[in-house]
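Notes for the one structure printed next.
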Amino acid sequence: MEEENELIALRRQKMDALRARGVAPFGQSFETSGSVAEVREKFSEGTPLRAAGRITAHRDMGKSHFLDLRDATGRIQIYAQAKELGPEATEIFGLLDLGDFIGVEGTCFLTKTGEPTLKVHRFEVLAKTLRPLPEKWHGLTDVEACYRQRYLDLVTNERSREVFANRIAIVRETRRFMESRGFVEVETPMLQTVAGGAAAEPFRTHHKALGIDLYLRIAPELYLKRLLVGGFNKVFEVNRNFRNEGISRRHNPEFTMLEAYWAYANFEKIADLVEELICHLAATIIGSLQIEHHDAEGKVTRTINLTPPWRRARYRDLVCEVAGADWFGLTSEERRAQAHLLGIEIQPQMADYEVTQHIFEKLVEEKTYDPVFVTHCPKELVPLAKQNAEDDSLVDVFELIINGQEIAPGYTELNDPFVQRQRLLEQAGEETQKIDEDFLLALEHGMPPAGGVGIGIDRLTMLLTGAESIRDVILFPLLKPKQG
RNA sequence: GCACCGCUAGCUCAAUUGGCAGAGCAAGUGACUCUUAAUCACUGGGUUUCAGGUUCGAUUCCUGAGCGGUGCACCA
């Protein structure tokens with residue numbers, strides 16, 4: 001990492017020159033009037049204010065200089081004059097570079113173009129930067145560099161700052177909303193002896209003192225349900241799940257999930273809750289229920305309409321809409337032929353319900369942008385939900401689809417310990433060590449009927465911010481380390 | 001895991017059929033007291049991701065590797 005080039009060498013020399021003048025290149029605390037955005041809010045001509053940030057532009061007019069000072073909240077122009085600073089400070093000023101952190105004390109004034117500006121009386125060097133910033137106009141565009149060096153992306157790209165500000169707001173507003181509905185936030189184990197609650201491949205680790213293998217959780221579900229057994233009526237958790245599977249535009253090995261359980265409710269009440277939550281987030285954070293996605297040139301590529309009430313449709317009806325009204329009357333062979341006609345590739349070993357599911361994914365899910373709650377799914381697809389009282393081939397669940405993706409599955413939760421054991425056994429097959437006996441024991445002590453839901457916060461953020469890749473909404477997505 | 005594509009200065013991008021590797025920003029020097037992608041003049045800056053190969057000559061063609069992107073596969 002000892003790369004040395006002309007640019008870095010020069011900055012080192014400036015750092016040394018600062019030291020030679022008795023200026024610490026990496027300074028101490030600095031009292032400010034607030035963040036850059038707050039300084040702008042407090043701006044009033046003639047008022048003295050103090051601001052700190054990075055220098056991101058320098059317009060040198062000879063005896064006077066205009067600089068942009070920037071932090072994550074915004075930008076403010078500062079104005080420095082040799083006459084005002086005096087000869088000593090002017091010399092130190094000359095040792096500053098783009099990217100350096102400085103703190104300034106100055107008086108508010110408006111330039112003749114009306115730009116709010118701080119006229120600098122005094123400044124302090126807070127941190128010298130040894131490496132140059134990316135180009136000021138295009139910013140950092142190399143996607144790999146944006147992910148590996150997110151700080152540079154954040155410093156130079158307004159769009160990236162906006163996406164992450166929105167993500168932060170989504171998580172904050174989600175917590176507020178859930179609490180306002182009487183849900184309490186809890187923390188359940190990340191390290192689990194049995195990785196339950198989903199059918200994903202877990203990450204494995206080891207506890208030395210106990211001498212046992214542990215798993216990073218793939219879902220918090222079975223612990224949140226234990227809390228229903230313990231008498232909590234409304235619980236939620238917003239935290240990370242870990243799945244040891246492929247990485248793609250829609251998958252990161254660690255991702256954030258809101259999971260919530262509501263005693264005495266069912267999937268329909270949960271659907272209402274989810275609809276209200278997402279509309280609340282869109283209205284308060286994006287400012288509209290019409291979510292526009294744009295391409296690189298800024299043209300609108302898609303508008304998602306979140307105006308409630310959202311469509312609720314049965315799985316069966318949605319499949320018939322795309323595959324023909326008689327789909328479920330067809331024989332196994334006829335269905336495969338029909339799928340082929342529709343341009344869907346079917347592997348010969350697929351079961352009939354998988355053929356239907358494949359049709360559903362390709363022709364319904366991937367083409368559905370406005371929200372749809374898909375209800376009455378076949379039980380094979382969702383083994384942990386309660387069966388429908390009238391038709392036991394169906395389960396009482398919804399799959400919420402927006403933006404061509406599954407955003408949230410919601411269930412009426414299974415609380416019969418016998419049926420639950422049987423389902424878990426079917427799912428585990430030979431691998432009985434995968435059965436969470438402690439959870440089944442809890443169920444035998446009685447879990448109230450309940451509704452539950454999991455919402456992928458990353459995908460929800462993609463939907464609301466128009467990001468095309470999950471890596472664009474995760475500050476530090478997992479990448480292979482660079483070698484050499 | 002498979003397929004296709006990409007990798008050139010700190011950053012953003014050029015380089016015709018294989019023929020001296022260029023520009024803008026950033027940097028350095030100089031000019032300029034209201035600029036805001038400031039402007040003007042001059043200057044420096046390269047192991048073309050890496051390792052091989054073909055060739056008089058490779059950023060360019062071939063083989064392999066690394067990392068990334070997209071799609072497929074995987075994924076309740």
Side-chain angles (χ1 to χ4, degrees), chain A residues 3-11 13-14 55-70 75-84 94 97-99 109-117 119 129-149 152-153 155-157 196-202 218-219 221 241 243-253 255 345 347 353-354 357 361-362 377-385 395 397 399 405-406 408-409 411 423 426-427 454 456 468-469 471-472 477 479-484:
Chain A
E3 298 165 60
E4 188 70 358
N5 66 31
E6 181 201 10
L7 299 173
I8 295 172
L10 268 160
R11 284 171 178 242
Q13 286 167 24
K14 289 182 185 174
I55 303 168
T56 55
H58 181 192
R59 295 174 289 279
D60 178 356
M61 309 288 300
K63 292 198 178 68
S64 64
H65 303 253
F66 291 91
L67 297 91
D68 288 346
L69 213 57
R70 164 148 250 162
R75 177 198 75 92
I76 190 154
Q77 177 168 269
I78 62 172
Y79 176 60
Q81 275 179 304
K83 196 176 72 183
E84 179 76 30
D97 283 302
L98 293 187
F109 79 105
L110 289 174
T111 65
K112 71 178 185 189
T113 54
E115 172 91 22
T117 304
K119 184 175 186 178
T129 55
L130 297 177
R131 290 172 187 267
L133 288 176
E135 206 231 7
K136 64 181 176 187
W137 186 238
H138 300 90
L140 192 65
T141 64
D142 180 275
V143 290
E144 183 178 356
C146 286
Y147 299 151
R148 288 190 195 278
Q149 296 182 279
L152 294 179
D153 177 39
V155 169
T156 58
N157 295 325
E201 182 70 25
I218 54 177
E221 174 162 343
N241 289 343
R243 297 188 181 177
N244 203 345
E245 284 159 2
I247 296 176
S248 79
R249 206 159 60 81
R250 298 187 183 80
H251 299 85
N252 194 62
F255 61 99
E345 221 179 291
Q347 311 292 331
Y353 80 88
E354 289 175 315
Q357 175 62 6
E361 283 173 5
K362 297 290 170 196
C377 297
K379 69 173 181 195
E380 292 88 350
L381 296 176
V382 203
L384 294 192
V395 280
V397 305
E399 296 283 353
Q405 293 185 40
E406 185 191 323
Y411 302 174
R423 297 269 188 89
E426 283 163 12
Q427 191 193 345
E468 294 298 330
S469 169
R471 296 178 199 95
D472 295 329
L479 300 183
K480 259 195 183 183
K482 278 270 198 199
Q483 296 179 348

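The basis for the numbers below is simple: all heavy atoms, side chains too, and nothing from hydrogens, waters or symmetry mates. So you know, we letter chains A, B, ... as the sequences are listed, proteins then strands, and number each from 1.
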- How far, in whole Å, is B:G24 from B:U39 if one measures between their P atoms? 12 Å
- Query: Of the candidate nucleotides B:C75, B:C34, B:U70, which contains the atom at the shortest distance from the side chain of A:Tyr79?
  - Reply: B:C34
- Do A:Glu144 and A:Lys482 come close enough that some side-chain heavy atom pair is under 4.5 Å? yes
- Task: Please determine, for the side chain of A:Pro134, which listed nucleotide (B:U70, B:U33, B:C11) has the closest atom?
- Result: B:C11
- Message: Please determine whether a side-chain nitrogen or oxygen atom of A:Arg59 lies at a distance below 4.0 Å from atom OP1 or OP2 of B:U35.
- Response: no
- Whether over 12 other heavy atoms sit under 6.0 Å from A:Glu345 CD: no
- Message: Nearest to the side chain of A:Arg471, heavy atoms from C-beta on, is which of B:A37, B:U70, B:C11?
- Response: B:U70
- Message: As a test of reading the structure: which of B:U35, B:G68, B:C11 is closest to the side chain of A:Thr111, going by heavy atoms?
- Response: B:U35
- Specify the separation, in whole Å, of atom CD of A:Gln77 and atom C1' of B:U35. 6 Å
- How close or far is atom C1' of B:A26 from atom CG of A:Asp60, stated in whole angstroms? 14 Å
- Could you work out the separation of B:U43 and B:U47 based on their P atoms and round it to a whole Å? 22 Å
- Output yes when at least one side-chain N/O atom of A:Thr129 is less than 4.0 Å from OP1 or OP2 of B:G10, else no. no
- Distance between the C1' atoms of B:U35 and B:A31, in whole angstroms? 16 Å
- Spell out yes or no: do the side chain of A:His251 and the base of B:C75 have one donor N/O and one acceptor N/O closer than 3.5 Å? yes
- Query: Nearest to the side chain of A:Lys480 - B:C67, B:U12, B:A26?
  - Reply: B:C67
- Proximity to the side chain of A:Leu7 - top-ranked nucleotide from B:A27, B:G69, B:C67: B:A27
- Say you pick atom C1' in B:G46 and the same atom in B:A37; how far apart are they, in whole Å? 26 Å
- Note on the structure: Picking from B:A27, B:C11, B:A76, the nucleotide nearest the side-chain atoms of A:Leu140 would be B:C11
- Message: Is it the case that the side chains of A:Arg75 and A:Thr56 hold a donor-acceptor pair, with the cut-off being a distance below 3.5 Å and no angle test?
- Response: no
- Message: When the P atoms of B:A65 and B:C2 are compared, how many Å lie between them, rounded to an integer?
- Response: 10 Å
- Mind checking the P distance from B:G10 to B:U49? Whole angstroms is fine. 12 Å
- Message: My understanding is that a pair needs two contacts under 3.5 Å, Watson-Crick or G-U wobble. By that rule, which nucleotide pairs with B:C40?
- Response: B:G30
- Message: B:A65, OP1 or OP2 - any side-chain N/O from A:Lys482 closer than 4.0 Å?
- Response: no
- Note on the structure: Regarding the side chain of A:Arg249, the nearest nucleotide among B:A26, B:G71, B:G44 is B:G71
- Query: Distance between the C1' atoms of B:U48 and B:A23, in whole angstroms?
  - Reply: 16 Å
- Just how far, in rounded Å, is C1' of B:G66 from CD of A:Glu144? 10 Å
- Verify the contact: side-chain N or O of A:Thr141 to OP1 or OP2 of B:U12, cut-off strictly under 4.0 Å; return yes or no. yes
- Between A:Gln81 and A:Ser64, is any side-chain donor less than 3.5 angstrom from a side-chain acceptor? no
- Would you state whether a donor and an acceptor, one from the side chain of A:Glu115 and one from the base of B:U35, lie under 3.5 Å apart? no
- Per A:Lys63 side chain, nearest of listed nucleotides B:C34, B:A76, B:U33: B:U33
- Item | Atom pair CD1/NZ of A:Ile247 and A:Lys480 - distance to nearest 0.5 Å | 9.5 Å
- Value in whole Å for how far the C1' atom of B:G10 lies from CD of A:Gln149: 11 Å
- Message: Please pick, from B:C74, B:C34, B:G69, the nucleotide with the shortest atom-to-atom distance to any side-chain atom of A:Phe109.
- Response: B:C34
- Item | Rounded distance in Å between the C1' positions of B:U59 and B:G19 | 13 Å
- Task: Indicate whether the side chain of A:Asp472 and that of A:Tyr147 have a donor and an acceptor atom separated by less than 3.5 Å.
- Result: yes
